[in-house]
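Below: one structure, written as structure tokens.
Order of the sequence lines fixes the chain letters, A, B, ..., with proteins taken first and strands second; residue numbering starts at 1 for each chain.
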Amino acid sequence: MAEQHSEVDRFFVREQMVEAMPPPGVRRGAGDWFRRNLFSSVPNGIMTILALLFLAWSIPPLIQWAFIDAVWEGTNREACLGPDVGACWAFVKAKFGQFIYGRYPIGERWRVDLVFLLLAAGLVPMAIPSAPYKALNALFLLVIFPVAAFILLTGGFGLRVVPTEFWGGLLVTLVVAITGIVVSFPLGILLALGRRSKMPAVRLLSIAFIELWRGVPLITVLFMSSVMLPFFLPDGVSFDKLLRALIGVAFFSSAYMAEVVRGGLQAIPKGQYEAAAAMGLGYWPMMYLIILPQALKLVIPGIVNTFIGLFKDTSLVLIIGLFDLLGIVQFNFTDSNWATPQTAATGFAFAALVFWIFCFGMSRYSMFIERRLETGHKH
Amino acid sequence: MKTKLFVAVMGAAFGVTAAASAATLDDVKSNGRLSCGVSTGLAGFSAPNDAGEWSGLDVDYCRAIAAAVFDDPEAVSYVPLTAKERFTALQSGEVDVLSRNTTWTMSRDTQLGLNFAGVNYYDGQGFMVPKELGVSSALELSGASVCVQTGTTTELNLTDYFRANSMDYNPVAFERLEDVNTAYSSGRCDVYTTDASGLYSIRLTLPSPDDHMVLPEIISKEPLGPAVRQGDDQWFSVVKWVHYALLNAEELGVTSENVEEMTSSENPDIRRLLGAEGNFGESIGLEADWAVRVIKHVGNYGELFDRNVGPDTPLGIARGLNALWTEGGIQYAPPVR
């Protein structure tokens with residue numbers, strides 16, 4: 001045995017892998033990262049330098065304006081006057097209530113807060129995949145919450161009635177956007193299925209609806225609702241302005257949604273339909289169990305794109321005299337107690353920031369959902 | 001222009017509906033609220049205050065009418081209307097009165113199915129210059145460069161004015177109002193021209209408002225006033241006489257402070273205005289103390305002006321043409337008798 005062992009020992013057999021050597025010095029550390037990512041070629045290097053120059057040119061004045069020279073406290077325009085004054089945040093502070101609630105009576109604003117709170121309470125657990133009771137949660141969001149929000153916001157049942165003319169600001173933006181999203185998603189799916197239906201009447205109606213609403217600018221829809229509609233209604237019958245906007249926005253975005261969903265439906269291979277049919281599934285189970293889950297997953301970016309577009313389109317309601325967030329900010333520029341050279345810039349910066357927070361939030365959440373639903377299937 | 005024509009055509013086509021709802025005053029009374037069309041934001045005329053309430057000269061006319069009818073200036077539903085919507089809203093009955101810095105012109109008065117009840121602000125195109133330019137009259141502006149918005153009547157008035165006075169000028173014209181503002185505040189032109197009330201509110205957004213002044217010349221007529229639907233004379237009279245009551249009250253020295261004492265005044269004009277004599281309120285479908293209600297809640301015309309646009313507000317507009325006829329202006333009201 002010993003002899004045999006020494007026989008083997010004559011050959012060197014390494015039993016462990018060699019420790020990986022660190023890369024050579026030039027391929028290590030921050031220097032390498034810069035070289036590979038920012039200066040990998042001459043054009044790349046030039047772009048990097050230009051981008052850095054742009055940042056150096058734009059960021060310091062922005063910080064100077066938004067923070068260092070900014071006015072944070074004040075009760076009227078006097079505070080924000082002067083040659084070297086930056087952003088007039090005192091204006092935003094004084095008008096903050098209006099930016100959120102519009103002209104909603106100050107004593108009743110707790111009702112709006114409660115609606116926001118209920119919405120968050122319903123939406124947050126819904127958005128976290130691991131939170132339990134999804135069915136109950138959905139029931140709350142889609143049935144209980146809208147009814148509760150409607151009663152809380154408009155009044156009745158012992159609450160003071162607050163007509164929609166008093167609504168405004170972020171409240172109107174959210175009401176229009178959320179109604180648009182909640183209505184357009186199911187309606188868009190139905191329209192997309194209808195457009196691919198084999199029943200001529202259903203197909204034609206769906207096509208007519210989609211092409212009619214998609215073929216008209218939203219601004220025209222809103223104008224029609226406020227300039228033409230009153231002529232067609234019987235005398236003395238008036239239609240709530242906010243309701244007109246809600247219907248217009250919901251139908252308009254449904255048409256867009258339908259086309260997005262149809263794109264997803266067309267990407268599903270025919271074999272999926274045939275397999276579902278072969279298993280004896282009827283039309284609705286086939287769509288609900290097999291086709292739509294795959295199709296919708298495919299078009300998440302398109303759906304979220306439509307939602308984000310819808311959220312920003314809400315500011316068009318300004319043209320029919322409803323004050324959404326952007327509208328009420330602009331409306332307050334006309335308060336002569338706050339008219340200064342910086343008022344408009346500050347107000348727009350504030351509105352942009354709020355819009356960005358919402359849209360960026362939607363965008364990040366959609367990316368999270370996409371990753372979660374990723375099954376590795378590539379069509 | 002297309003919109004105007006369109007509105008006119010629609011107004012003619014649906015004129016029947018407007019005529020059908022003749023008794024606006026009864027409708028307003030049964031609704032318990034006055035529906036008042038205002039602007040979607042104009043400094044000094046209809047703008048929000050810090051509490052989010054509407055304020056301004058046009059808004060105060062809504063409040064005055066509501067006070068006359070209900071003794072409650074808050075019984076108003078404000079309907080913010082864009083320039084395009086405003087006439088439709090009035091014709092279709094969505095609003096009972098349009099108090100929205102609307103210029104009284106012949107075509108609007110005759111073709112759109114509405115009646116102007118009076119002029120609550122005599123506006124007109126004016127000029128703003130930096131004080132350091134050292135001019136005190138528009139007639140000294142020969143050779144100046146003038147910032148103006150293109151495609152507006154403002155531009156045409158400007159051309160006419162300089163030609164009529166045989167002066168030269170360089171127009172610096174922009175499509176958008178914001179660009180005109182920027183050009184003026186960065187010194188690309190010496191003079192800014194638009195409606196005078198607009199000049200005062202633009203002045204506020206300049207880095208140093210006190211270094212700029214509005215010249216006294218007014219080169220166009222822009223009488224702004226409340227309008228009602230045609231075909232309802234009673235309601236027309238109500239709105240008209242609320243306006244006259246505001247003017248008469250100022251002329252007679254009746255203010256929101258002293259209106260209660262004034263009811264026992266010996267002056268027959270005051271006694272008739274305030275309903276202590278005669279039944280003038282009844283003749284327009286209101287209570288005898290209709291004018292007392294108006295003045296008690298919103299004040300007289302002078303108070304309205306001073307509170308919203310006058311010299312002590314940030315806008316700082318002088319009374320000028322809007323002074324009473326007794327004080328060099330042209331605001332004049334028929335007597336109550």
Exercise. If you tally heavy-atom pairs under 4.5 Å against chain B, which of A:L322, A:I106, A:T343, A:I320 wins?
Worked result: A:I320
Exercise. So which part of B:T40 gets closer than 4.5 Å to some heavy atom of chain A, the side chain, the backbone, both or neither?
Worked result: both
Problem set entry | For A:K95 against B:D50, the heavy-atom pair lying closest together | NZ-OD1, 3.1 Å
For this session: Using modelled atom types only, decide if a donor and an acceptor are shared between the side chain of A:R77 and the backbone of B:L204 within a distance under 3.5 Å.
Result: yes
For this session: State which residue, out of B:P48, B:S55, B:P314, fulfils the side chain to side chain contact (heavy atoms under 4.5 Å, CB included) condition with A:N337.
Result: B:P314
Problem set entry | Distance in Å, A:F166 CZ paired with B:Y78 OH, rounded so as to fall on 0.5 Å steps | 9.0 Å
Problem set entry | Distance-minimising heavy-atom pair for B:N49 and A:D335 | CA-OD2, 3.8 Å
Problem set entry | Separation between CG of A:L222 and CD of B:E85, rounded to the nearest 0.5 Å | 10.0 Å
For this session: Specify which of B:L42, B:V309, B:N308, B:N181 makes the most heavy-atom pairs with chain A at under 4.5 Å.
Result: B:L42
Exercise. Tell me, side chain or backbone of B:T82 under 4.5 Å from chain A's heavy atoms, or both, or neither?
Worked result: side chain
Exercise. Does A:P341 reach the side chain of B:L206, with side-chain heavy atoms less than 4.5 Å apart?
Worked result: no
Exercise. To the nearest 0.5 Å, how far apart are CD in B:E94 and NZ in A:K241?
Worked result: 5.5 Å
For this session: Look at atom NZ of A:K312 and say whether more than 12 heavy atoms of other residues, nucleotides or ligands are closer to it than 6.0 Å.
Result: no
Problem set entry | Option in A:W338, A:F223, A:F331 with maximal non-hydrogen atom pairs under 4.5 Å from chain B | A:F331
Seminar exercise, completed: Sorted by chain and number, sequence neighbours left out, ring pair (Phe, Tyr, Trp, His ring centres under 6.0 Å) with B:F174 holds for none
Seminar exercise, completed: Heaviest contributor of heavy-atom pairs below 4.5 Å to chain A, chosen from B:P209, B:S201, B:S77, is B:S77
Problem set entry | Region of A:Y101 that comes under 4.5 Å of a non-hydrogen atom in chain B | neither
For this session: Check whether B:V79 gets within reach of chain A through its side chain, its backbone, both or neither, counting any heavy atom under 4.5 Å.
Result: side chain
